[in-house]
K.L.:
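One structure coming up, written as structure tokens, with questions to follow.
Each chain gets a letter, A, B and so on, in the order the sequences are listed, and its residues count up from 1. Since we're looking at a predicted model, the values are computed, not measured. Note that these values count all heavy atoms, side chains included, but never hydrogens, waters or copies made by symmetry.
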Amino acid sequence: MTTIRLSVPQTADRGEIIELRAMIQHEMESGFRFGSRGEMIPQDIITKFECFYNGTLFFSSDFHPGVAANPILKFYARANESGSFEFVWTDQDGQSWSDSAQIEVS
Amino acid sequence: MRLLAACFLFVGAACSPETTQLEPDFTIEASQRVSGSNFLTPETVAQQNDDFENPGYLWVERGADLFEQGEPSCAGCHENGLEGVATHYPAFDTGTQTLINLEGRINLCRTRHQGLTSLPYESDELLSLTAFVAEQSRGLPISVEVTPQTQSAFESGANYFMTRRGQLNLACTQCHDDNWGKQLRGDTISQGHGNGFPAYRFEWEDFGSLHRRLHDCDTGVRAAPMELGSQTYIDLEFYLAVRASGLELESPGIRR
């Protein structure tokens with residue numbers, strides 16, 4: 001069960017710089033920790049984040065083991081047209097989670 | 001020593017059996033009482049107060065979904081929400097004649113009113129529902145009282161708080177009553193209130209119950225911790241709530 005939270009303004013003026021925020025519930029297990037019996041806890045991390053604006057990739061980020069659990073990203077876009085932002089996270093095994101939000105640009 | 005401490009708490013009430021509401025004394029006077037968030041950096045407080053950037057809301061949001069589930073759903077019976085409810089917990093349940101906390105109440109609703117099984121303590125589901133209910137009391141003052149029905153639970157909690165334990169032989173009171181505001185290695189000791197819980201702790205990189213925090217304080221003095229959800233910890237939680245009366249609930253709080 002993975003919860004995703006997005007913060008995207010519902011409306012913007014054309015050309016306006018808007019702030020986008022995205023958070024995903026994930027353990028980001030670094031692979032460097034040991035369990036109570038001394039056994040290595042296997043790495044389990046998200047390795048890639050991508051954001052698409054009306055289908056076009058405009059922001060992406062690689063995650064490494066140093067990224068904390070439940071990562072939050074804050075970044076900016078220029079609002080050129082109405083449509084949707086799609087946020088996609090992919091883990092080391094290729095499993096992915098996504099969610100999207102609409103924006104009205106006038 | 002231990003008994004003496006517990007008796008002192010009741011000096012006002014012990015000789016007047018006709019009073020129903022007891023007013024215990026605490027080392028930290030009401031005027032000095034401050035939340036654990038007073039010992040956090042301004043950045044952490046800002047993150048706690050930002051409903052988006054506070055990671056605890058991942059659990060609140062999941063709790064909101066779970067609240068719609070079950071036959072009937074939680075929402076079906078509690079359609080007006082549960083604002084202010086968390087301020088009165090732990091509370092006495094007449095059906096079972098025991099003191100229960102919010103987690104216990106939620107599990108009772110599942111078994112009593114939904115025909116479901118109890119959720120395991122510290123499971124993501126129970127934490128989420130608890131966070132969702134507690135969040136509806138964010139900013140409201142804790143308001144629990146000691147009544148004849150809950151007096152023995154209060155005393156057992158007070159005893160736990162005053163008793164030295166573990167290889168370090170320290171009692172809760174020695175850190176949280178006598179030395180709050182001082183440094184313990186890299187940390188500043190707070191007054192040890194539970195008003196931020198369930199909370200997101202950076203050390204856990206996770207969301208957890210007050211009992212998980214109590215477990216950490218017990219293991220911190222190298223004492224054998226109690227089981228999460230045990231009556232001992234519920235009694236202690238009750239003592240802490242009375243001791244924190246008037247402080248605002250902050251759940252989902254953020255702590256180091």
Side-chain angles (χ1 to χ4, degrees), chain A residues 1-12 18-38 40-46 49 51 61 63-77 85 87 89 91-92 97-103, chain B residues 41 43-70 119-120 122-132 135 198-208 212 215-216 218-220 222 224-225 227-228 252-256:
Chain A
M1 172 75 212
T2 298
T3 306
I4 291 173
R5 306 191 77 216
L6 303 178
S7 158
V8 174
Q10 287 175 337
T11 59
I18 55 167
E19 184 186 77
L20 308 174
R21 296 187 290 179
M23 185 192 282
I24 187 166
Q25 188 169 19
H26 196 285
E27 289 178 3
M28 293 298 288
E29 188 57 60
S30 68
F32 299 134
R33 299 196 310 154
F34 296 94
S36 56
R37 292 192 183 80
M40 185 77 118
I41 304 174
Q43 180 174 300
D44 177 9
I45 62 168
I46 289 171
F49 170 79
C51 187
S61 167
F63 287 9
H64 295 280
V67 173
N70 310 306
I72 177 168
L73 281 171
K74 213 191 288 199
F75 51 99
Y76 300 86
F85 286 102
F87 301 76
W89 291 260
D91 77 4
Q92 57 187 41
W97 302 269
S98 67
D99 199 359
S100 59
Q102 305 298 315
I103 188 167
Chain B
T41 61
E43 291 80 6
T44 306
V45 174
Q47 192 182 3
Q48 171 174 287
N49 295 337
D50 184 322
D51 291 3
F52 185 82
E53 294 191 14
N54 180 337
Y57 276 88
L58 290 166
W59 280 264
V60 174
E61 212 155 89
R62 176 149 191 228
D65 288 343
L66 293 170
F67 202 72
E68 302 295 327
Q69 293 172 20
L119 293 166
E122 217 58 26
S123 62
D124 232 40
E125 290 87 348
L126 188 56
L127 280 171
S128 300
L129 279 167
T130 309
F132 175 68
E135 199 272 344
Y200 193 88
R201 270 194 78 203
F202 294 136
E203 186 185 304
W204 296 334
E205 289 199 53
D206 198 6
F207 196 68
R212 186 172 173 192
H215 173 283
D216 283 8
D218 272 342
T219 51
R222 301 192 201 146
E227 203 141 318
L228 309 189
I254 300 186
R255 296 293 187 266
R256 283 185 298 267

K.L.:
Is atom CZ of A:R33 surrounded by more than 12 heavy atoms (other residues, nucleotides or ligands) closer than 6.0 Å?
P.N.:
no
K.L.:
Around atom CD of A:E19, are there more than 12 heavy atoms from other residues, nucleotides or ligands closer than 6.0 Å?
P.N.:
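Yes, enclosed.
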K.L.:
So, for B:D51 and A:R5, which heavy atoms are closest and what is the spacing to 0.1 Å?
P.N.:
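Closest heavy-atom pair between B:D51 and A:R5: O-NH1, 2.8 Å.
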K.L.:
Closest heavy-atom contact between A:M23 and B:F52?
P.N.:
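Taking A:M23 first and B:F52 second, the nearest heavy atoms are CE-O, 3.4 Å.
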K.L.:
Can you find a heavy atom in the side chain of B:E205 that is under 4.5 Å from one in the side chain of A:N70?
P.N.:
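Result no, sub-4.5 Å side-chain heavy-atom pair not found.
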K.L.:
Check the surroundings of atom CD in B:E68: do more than 12 heavy atoms from other residues, nucleotides or ligands lie under 6.0 Å from it?
P.N.:
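For B:E68, atom CD is crowded (more than 12 foreign heavy atoms under 6.0 Å).
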K.L.:
More than 12 non-hydrogen atoms from neighbouring residues, nucleotides or ligands closer than 6.0 Å to CD on B:Q69, yes or no?
P.N.:
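Correct, the count exceeds 12.
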K.L.:
Looking at CG of B:D124 and CD of A:Q25, how far apart are the two atoms once the value is rounded to the nearest 0.5 Å?
P.N.:
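One finds 5.5 Å between CG of B:D124 and CD of A:Q25.
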K.L.:
Can you measure from OG1 (A:T3) to OH (B:Y57) and round to the nearest 0.5 angstrom?
P.N.:
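It is 14.5 Å, given to the nearest 0.5 Å.
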K.L.:
Counting only heavy atoms closer than 4.5 Å, note whether B:F207 contacts chain A via side chain, backbone, both or neither.
P.N.:
neither
